[in-house]
Amino acid sequence: MDDDGGEAFVPDSRDLRRLKAAATNCHGCGLYRAANQTVFGDGKKAARLMLVGEQPGDQEDKAGAPFVGPAGKLLQRALEAADIDRSEAYVTNAVKHFKFVRAERGKRRIHKKPVRSEIEACRPWLLAEIDAVEPDVVVCLGATAAQSLIGRDFRVTAHRGENHHLIPKLDVRCDPLVFATVHPSSILRGPADERERAFADLVTDLRSAISSCRLPR
Ligand code: URA
Ligand code: SF4
């Protein structure tokens, strides 16, 4: 089985360790070929808050863990500013393999956005994580995660910070609130004079998401 979606590789289990182990062998789309490894989600099994990025970057692909590079550092600062303890959350990505192109000269690997078919191929893994963790709130960091979970044509700029539900047809046993905000990398890539404002807006969105979690924090 190859390039036919991750579904066939996902065990019927709500055990995160089992899911993670199975994901190491996923050939559900072509992205496993060039990447070093599957980068599965990481965090607390009983997390009330799940954060979903786009896909692992260069450093995540080497480390085997999500959000450990520059975007992860910015995310960590935003979480701290919003009084959220990352170790209390579950952090993952919409797509579990790093997609990149090689720089013309040198070995640098440059991030390439996953396409819709790859996002959909990988979604069964994300849904399995949601089923296993049963979070109160899922925060989509950027358009890729939002398009995977809220809707194909979802626009973060128009609907950030609003609360949504998972796309109804998705096979998930729980019904978390789903928020979308910008991806931390968009702040790093954006104009320097807008960074402070963009960071503050991200913190506001994270605060509003956490305030919808059931348990007091
Ligand atoms: N960007 C993401 O979307 N996810 C990561 O894990 C790292 C960078
Ligand atoms: Fe499987 Fe997702 Fe990797 Fe594609 S990106 S091979 S669906 S784990």
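All residue numbers in this chain count up from 1 along the given sequence. Both ligands and their constituent atoms are indexed starting at 1 by order of listing. Computed from heavy atoms alone, side chains included, the values below leave out hydrogens, waters and symmetry copies.
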Novice: To the nearest 0.5 Å, how far apart are CG in Asp201 and CG in Asp205?
Specialist: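 These two atoms lie 7.0 Å from each other.
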Novice: Answer yes or no for Arg109 and Phe98: cation-pi contact, defined as NZ/CZ to six-membered ring centre under 6.0 Å and angle to ring axis within 45°.
Specialist: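 The answer is no; the distance or angle limit is not met.
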Novice: Checking Asp85 against Ser87: is there a side-chain donor and acceptor pair closer than 3.5 Å?
Specialist: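 Yes.
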Novice: May I ask you to decide if the ring planes of His159 and His164 are parallel, tilted or perpendicular, using 30° and 60° as cut-offs?
Specialist: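 It falls in the perpendicular class, over 60°.
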Novice: Checking the side chain of Gln37 only, and the main-chain atoms of Thr24 only, is there a donor and an acceptor separated by less than 3.5 Å?
Specialist: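 Judged by distance alone, no pair lies under 3.5 Å.
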Novice: Consider only side-chain heavy atoms of I, L, V, M, F, W and Y, link residues closer than 4.5 Å, and tell whether Val52 and Val115 are in one cluster.
Specialist: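 No, Val52 and Val115 fall in different hydrophobic clusters.
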Novice: Indicate the atoms forming the closest heavy-atom contact of Ala47 with Ala89, along with that distance.
Specialist: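 That closest heavy-atom pairing would be CB-C, 3.6 Å.
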Novice: Mind checking the CG-NE2 spacing from Asp61 to His111? Nearest 0.5 Å is all I need.
Specialist: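 Here the interatomic distance stands at 12.5 Å.
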Novice: Consider only side-chain N and O atoms of His97 and Glu118, and report whether a donor and an acceptor are under 3.5 Å apart.
Specialist: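 No, because no side-chain N or O of His97 sits under 3.5 Å from a partner of the opposite role on Glu118.
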Novice: Donor-acceptor pair, distance only, cut-off 3.5 Å: does the side chain of Arg48 make one with the backbone of Glu134?
Specialist: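 At least one qualifying donor-acceptor pair exists.
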Novice: Which ligand 2 atoms does Val95 reach within 4.0 Å, using its non-hydrogen atoms?
Specialist: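 The atoms of ligand 2 under 4.0 Å from a heavy atom of Val95 are 5 (S).
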Novice: Inside 2.8 Å of atom 1 (Fe) of ligand 2 but strictly below it, how many protein N/O/S atoms are present?
Specialist: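 Every protein N, O or S atom under 2.8 Å from atom 1 (Fe) of ligand 2 counted, the figure is 1.
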Novice: Mind checking what residues have non-hydrogen atoms under 4.0 angstrom from ligand 1?
Specialist: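 If the criterion is a heavy atom under 4.0 Å, then ligand 1 touches Gly53, Glu54, Gln55, Pro56, Gly57, Glu60, Pro66, Phe67, Ala71, Asn93, His183.
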